[in-house]
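Single-structure report; data block below.
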Protein chains: 2
Amino acid sequence: MTEKKNISIKDVALRANVSTATVSHVINGTRFVSNETKQKVHFAMNELNFRINSVARSLRSRKSYIIAFLAPILASETSNFYFMSVAAGVQSVLKQRGYHLILSDSSDNVEAENKEISMFDSQMIDGLIVAPASRDCDYEQLFGDYPVVYIDRVPNHCERDSVLIDNKTVTKEATQRILDKGHHKIAFLSGPLSVTTTIERYEGYSETLMNAGLELDDSLTCFEEVSFENGYRKMGDLLEKNPTAIFVTDNVMAMGAMTYLQDHSIRIPDQLAVVGFDDVQWTRVTHPPLTVIQQPSFQLGVKTAEVMLQRIEDGTSGKEEHRLKANLIVRQSL
Amino acid sequence: MTEKKNISIKDVALRANVSTATVSHVINGTRFVSNETKQKVHFAMNELNFRINSVARSLRSRKSYIIAFLAPILASETSNFYFMSVAAGVQSVLKQRGYHLILSDSSDNVEAENKEISMFDSQMIDGLIVAPASRDCDYEQLFGDYPVVYIDRVPNHCERDSVLIDNKTVTKEATQRILDKGHHKIAFLSGPLSVTTTIERYEGYSETLMNAGLELDDSLTCFEEVSFENGYRKMGDLLEKNPTAIFVTDNVMAMGAMTYLQDHSIRIPDQLAVVGFDDVQWTRVTHPPLTVIQQPSFQLGVKTAEVMLQRIEDGTSGKEEHRLKANLIVRQSL
DNA sequence: TTCATTGAAGTAAACGATTACTTACTATAT
DNA sequence: ATATAGTAAGTAATCGTTTACTTCAATGAA
């Protein structure tokens, strides 16, 4: 290991015949420096190929310009495109404002998630954006001294800002639409009820059915760990109950379900009407194209990043809830 | 802004009646400390709710445990799933070894990319994994004093390790297979020839045709900026040349192309045989399911992370080229 | 001439860890 | 009794910035 000496502000100062304070102020524009001196400093920086040491800067200024994003991004090789797209939205804002994004995967598993959280200390990150894996975890004691914004879902005792999708409204809208098409036996396939997102969606579904005077039939609903395989398998199970329509509230599940339907040559929407979740691209190339609820995933990321930066820059805290509206995209599967 | 004093190793030392050196050694296990003292230190750390300051640690130890990944991950809202999956692979290894991953987007645009690179200084990251946007950029002068590994593609003058897909072999294999099915007019739709990946794929395609004694017909090949829309549009254009098969070397392009074919009720594979790239999930739900070349994207990330960590830990450098084999997944579109 | 004011830049103490070098003590060998 | 080695832990310099405080010279007012 060659121990390389780094070019520091000190070297620059020496070369330019000024003090380190002056160099620092030139770099940051934090106080007036005569043009003459500025030029000397810039010249020296170029000559020495000086690169500022952001770690030292962070240490002193207590600011790292790094935001962490903790979500079930990589649950498996079959990544979750929804959160990837959310991450993209977050990134696009942060990048513009000179922040970096650290991506962390929670695998939707509380232990893994808590371990990740405790790996971040307060100096390392300026803020944390998290899609909590559990509703019952006491997150507050885990967090460091940085702003936190919940995204997509919230835990039971939420003491922070949150940016969410208006799940209930949109699922009500979609369910009503399915009803309007004359369906009575509407199956509901989703992930486990352990996250608020799913709960809200189920509420939208069930309340709409009840408002329509229909009985809730538990054998038509299915809450299973999210995976392509489970979507495939459970689609088969649900089909035995003879629904005329199905509402799948997760895109990975939906893909599994659609594959099952295709493998068994079920005609959509004649034999079974299908409504999916997330306007991911594959929903456009199925046969027929899928009617889906489009979550503004990228926008969700954008909004969250904005809320985060606001908190950081104001130095305030609070627990505002932001809801983004989702839309029904009608294609030919309903 | 409340100026909060952080609990430092010094506070712990004071509370436990030991020196800061001892506390540090207890934390890192870097020298023997009697059990009695260890306990005092742990007790004090708990009492004070001490969290180590990783920034200070990085400054002194010149190690940040952060790796940056720079690739066209978020080109647009229609994210590139391939690199997302690669990122997942990288992450899975780094996480295990206690490293963090910073995600950066190059948008496949040299200026944006160079700007990102210069935002990383040598103290901030321990290594850089990059899918270079251009072949002609002199990257060496941009890089800081950290190991660099190229992933998926390399620039013209490559002075670093690289982890790549064996594009030529697999495209030869696929093209041969198309030929074996009796096709002579095989269209080729891909991204621009500005990255080695595309070049290698085109080489595989053209060499195979030539070896088969066929003339290369330029009107059957198309190199266009990657996007869903371009895939859709160019599929239409190519179709006018009456190919009997098409090879699309990018999954986003392929999705556009497939949508065009579906919109125009072209029967696959009767009217047109199709081979795509990347075994992304939507290729399983098209009608019919798509025959594709499966790139081991997750594995590519894994391998790259391993190469990176090896370099970091050995403190060595070099320019080894690693190639991962891709496979043809035969479904019903060919 | 003297004193206050202003402008431009310098001095040096943090930030919170790591670690080479010392020290203080105990146990054993001569 | 004294030298020697070995054990456990302490001292303080250092990493490269930022920034409160200080300095020095020039200007203008009294």
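Quick note on labels: first sequence line is chain A, next is B, and so on, each numbered from 1.
In this model, the phosphate group of dT18(C) is not approached by any side-chain N or O of Thr20(B) to a distance below 4.0 Å at OP1 or OP2. Of the side-chain N and O atoms in Thr37(B), one or more sit less than 4.0 angstrom from OP1 or OP2 of dA9(D). Contact annotation: Arg62(A) side-chain N/O to dG16(C) OP1/OP2 distance is under 4.0 Å. One finds a side-chain N or O of Thr22(B) lying less than 4.0 angstrom from the OP1 or OP2 phosphate oxygen of dG10(D). For dT17(D), neither phosphate oxygen OP1 nor OP2 lies less than 4.0 angstrom from any side-chain nitrogen or oxygen of Ser58(A). Taking only side-chain nitrogens and oxygens, Ser24(A) comes nearer than 4.0 Å to OP1 or OP2 of dT18(D). Contact annotation: Asn6(B) does not reach the phosphate of dC15(C) (side-chain N/O to OP1 or OP2, under 4.0 Å). Remark: Ser8(A) is not in phosphate contact with dG16(D), judged by side-chain N or O atoms under 4.0 Å from OP1 or OP2.
Salt bridge Arg97(B)/Glu306(B): absent, no basic N to carboxylate O contact under 4.0 Å.
Contact of the Arg51(A) side chain with the Asp145(B) side chain is not registered, since no non-hydrogen atoms from C-beta on lie closer than 4.5 Å.
Between the base of dA9(C) and the side chain of Arg31(A) there is a donor-acceptor pair shorter than 3.5 Å. At a cut-off of 3.5 angstrom, counting only N and O atoms as typed in the model, there is no donor on one side facing an acceptor on the other between the side-chain of Arg60(A) and the base of dT17(D).
Put simply, CG on Asn6(A) and CG on Asp11(A) are 9.0 Å apart, with the number rounded to the nearest 0.5 Å.
Residue Val18(B) is in sugar-phosphate contact alone, with no base atom involved, counting any heavy-atom pair closer than 4.0 Å across all strands shown. Within 4.0 Å (heavy atoms only), Val23(B) reaches no atom of the nucleic acid at all.
Among dT17(D), dG16(D), dT18(C), the nucleotide with an atom closest to any side-chain atom of Leu59(A) is dG16(D). Of the candidate nucleotides dG10(D), dT11(C), dA8(D), dT11(C) has the atom lying nearest to any side-chain atom of Ala21(A). Of the listed nucleotides (dC15(C), dA9(D), dT18(D)), dT18(D) has the atom at the smallest distance from the side chain of Ile9(A).
Checking His25(B) against Ser61(B), the closest nucleotide of DNA chain D that is more toward the 5' end is the one next to His25(B).
Centroid-to-centroid, the aromatic rings of His157(A) and Tyr139(A) stay 6.0 Å apart or farther. Checked against the 6.0 Å centroid criterion, the rings of Phe120(A) and His100(B) qualify as a close aromatic pair.
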